[in-house]
Number of protein chains: 2
Amino acid sequence: MGSISRAARELNYAQSNITTKIQLLETHLQTQLFYRHNRGITLTSKGKTLLAYAEKIFHLIEETNKVLKDDDQTPNGPLYIGSMETTAAVRLPSLLSKYHHEYPDVDLTLKTGPTEQNIQGILQYELDGAFVAGPIDHPELIQRTVIEEELVLITDTAHPALSSIKDIQNRTLLVFRSGCSYRAKLEQWLHQEGVIPNKIMEFGTLEAILGCVSAGLGISLLPLSVIEKHVYYGEIKYHSIPGPYAIVQTVFVYRKDTLMTTAFIRFMDMFTEVNNLSGPTITV
Amino acid sequence: MGSISRAARELNYAQSNITTKIQLLETHLQTQLFYRHNRGITLTSKGKTLLAYAEKIFHLIEETNKVLKDDDQTPNGPLYIGSMETTAAVRLPSLLSKYHHEYPDVDLTLKTGPTEQNIQGILQYELDGAFVAGPIDHPELIQRTVIEEELVLITDTAHPALSSIKDIQNRTLLVFRSGCSYRAKLEQWLHQEGVIPNKIMEFGTLEAILGCVSAGLGISLLPLSVIEKHVYYGEIKYHSIPGPYAIVQTVFVYRKDTLMTTAFIRFMDMFTEVNNLSGPTITV
DNA sequence: ACTCGCCATCTTTATATGAGATGGCAAAAA
DNA sequence: TTTTTGCCATCTCATATAAAGATGGCGAGT
């Protein structure tokens, strides 16, 4: 249930004008678009239909603008990329800096978030593409395997090594907020083993998790590549976990009907041609 | 090769205005859409691109107008229908499949839930209509009797038949979560008889109730049509209950001010014209 | 050189768009 | 109960936008 007044406030228009516009539109279409009631207005089914069409139309207009501003020579314009926290931390920095250096006219925005949220972003045309945990199966999306990560358990260095999986029971789990597929993997594995963790704490950023693990607050499950450096510096220890749960694919997904701007094509080229995404090896 | 002047003549506009519009458009898009030469103008490649997009967009707008305006066409758009669990299980499957087959452009969504919740859904414009237990008396709603059901007590086959109503006292009652009017009927009847049931268990789905009754967990009250098949297969037994409590009307309700789309009218036609809803008879 | 048809610019008028004030109505609060 | 609040509809008035009309420059054919 919405309200004309609220819409007017959000759009910075006078309420009367919105009312009039809607009335004109209804007259023009000879149909009722809203139910009016004393708490505001609600879309009729025709209104919903119109809304769906309007969204399509606006999207096409958006696309038109993009196409016209995209000259084939210099990639330019906005480019919205989503990514999981972990990928953003390890795989992307070098890629992004290289991309930005080569195509300075592209206004690249990176948004980190859990896989689920990124998928939503793509489906709603808010993101052009995203790095998420694969595989993804959706009729409107194309996925492209980028790299495979090995998930490992990490603990602080002070505690003794985990002798058995049962030890997890006594530790606190530090995980990303739900929607993260690494977390799903972890929970799946623990469930399989009949282990119910003592306590779960949720975090939003990688640094927070690493810091807390290092401080002995608990344990976590992260890609080996992400934590390699921290192991080297002796901040944390890691422990392999059984194969089936250990391997996760990182895929790049985008809409089937995505407009292939030069900026977007060049971006995909960059991590396809070479193995640009293969992680940073530790140099001593 | 075209000319602005000619366009102006064809469109009944002054030439100057067309010129200005084109200039504004070019400025807005920061691109050149036409080559100007002394015999008129010609589209640049960008201009051609824009033209293609414009045609697409106009086509979509055309389509929008058609879909919204013309009401005597093939029914289309969204249609949200609510239903009680029991009606959905026995009466609706054939109706819905027939409807969907005849009007594939309608996007029909069925949401099952107790009567109370369905009524709320309609009052809040979330549902277009719903099958609920009648009679309903509400100033903003219209009801339409669809069918009458006979409620019967069901038990497992192992236990002896209920000799008296007092036997219920020793049995557990399996009912839908509150809001279900069958449950209200049952409680009303038991209250009348001064019977206070031993224990009540709440369920959300029909299958759960049937399964548990069959397993001897308790007894329940359901429409005869719903459990007919299960009686036939020897999973459960049933027992009639006194007339005044046994008969429940299933009615279809909708708002008085509902927008009567073709999709909605056809839907109501479908269960009005014939007795499409008279239940499935068991064929041996 | 001179039309002729073209596009661009400027001015004026008509129309559409937007703000603000006001009123009625029903639900929530006092 | 009465009051207040938050809705939407209607009206008036200012202003921005759209459209017409007049004028000028330019080059290609006559």
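By convention in this document, chain letters (A, B, ...) are assigned in the order of the sequence lines, proteins followed by strands, and residues within each chain are numbered from 1.
Of the candidate nucleotides dG20(C), dC7(C), dA9(D), dG20(C) has the atom nearest to the side chain of A14(A). Checking dC8(D), dA8(C), dG20(C) against the side-chain heavy atoms of I4(B) singles out dA8(C) as nearest. Of all nucleotides listed (dA9(D), dA8(C), dA19(C)), dA9(D) comes nearest to the side chain of R36(A). Which of dC8(D), dA20(D), dT10(D) sits closest to the side chain of Y13(B) comes down to dA20(D).
As rounded to whole Å, 13 Å separates atom P of dG6(D) from atom CE of M1(A). Rounded to an integer number of Å, the gap from L33(A) CG to dC8(D) P is 15 Å. The separation between N12(B) atom CG and dG21(D) atom P is 11 Å, rounded to whole Å. One atom, CG of D257(B), and another, C1' of dC8(D), lie 15 Å apart when rounded to the nearest Å. Look at CD1 on I41(B): it is 18 Å from P on dG5(C), rounded to the nearest Å. At whole-Å resolution of the value, NZ in K21(A) and C1' in dC8(D) are 17 Å apart. Regarding I22(B), its CD1 atom lies at a distance of 13 Å from the C1' atom of dC6(C), rounded to whole Å. The separation between Y35(A) atom OH and dC8(D) atom C1' is 18 Å, rounded to whole Å.
With sequence neighbours excluded, the residues that form a salt bridge (Lys or Arg N to Asp or Glu O under 4.0 Å) with E187(B) are R183(B). Taking H37(A) as the reference, Y125(B) meet the ring-ring contact (aromatic ring centres under 6.0 Å, His included) condition, with sequence neighbours excluded. Residues that satisfy the ring-ring contact (aromatic ring centres under 6.0 Å, His included) test with Y103(A), not counting sequence neighbours, are Y99(A). Not counting sequence neighbours, the partners of E140(B) by the salt bridge (Lys or Arg N to Asp or Glu O under 4.0 Å) test are R255(B).
Distance alone, capped at 3.5 Å, places no donor-acceptor pair between the N17(B) side chain and the Y13(B) backbone. Listed for the E85(A) side chain is no donor-acceptor partner under 3.5 Å among the backbone atoms of T205(A).
For N17(A), no side-chain nitrogen or oxygen approaches OP1 or OP2 of dT17(C) to under 4.0 Å. The side chain of R9(B) places an N or O atom within less than 4.0 Å of a non-bridging phosphate oxygen (OP1 or OP2) of dC6(C). Put simply, S5(B) has a side-chain N or O that comes within less than 4.0 Å of OP1 or OP2 on dC7(C).
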Extract all donor-acceptor atom pairs below 3.5 Å that involve side chains of residues 4-11 of chain A and protein atoms in other chains or at least two apart in sequence.
none

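Between T20(A) and R6(A), the residue whose closest nucleotide on DNA chain D is further toward the 5' end is R6(A).
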Heavy-atom contacts, protein to nucleotides 22-30 of chain D, under 4.0 Å, summarised as B (base), S (sugar-phosphate only) or - (none) per nt, yield -----SSS-

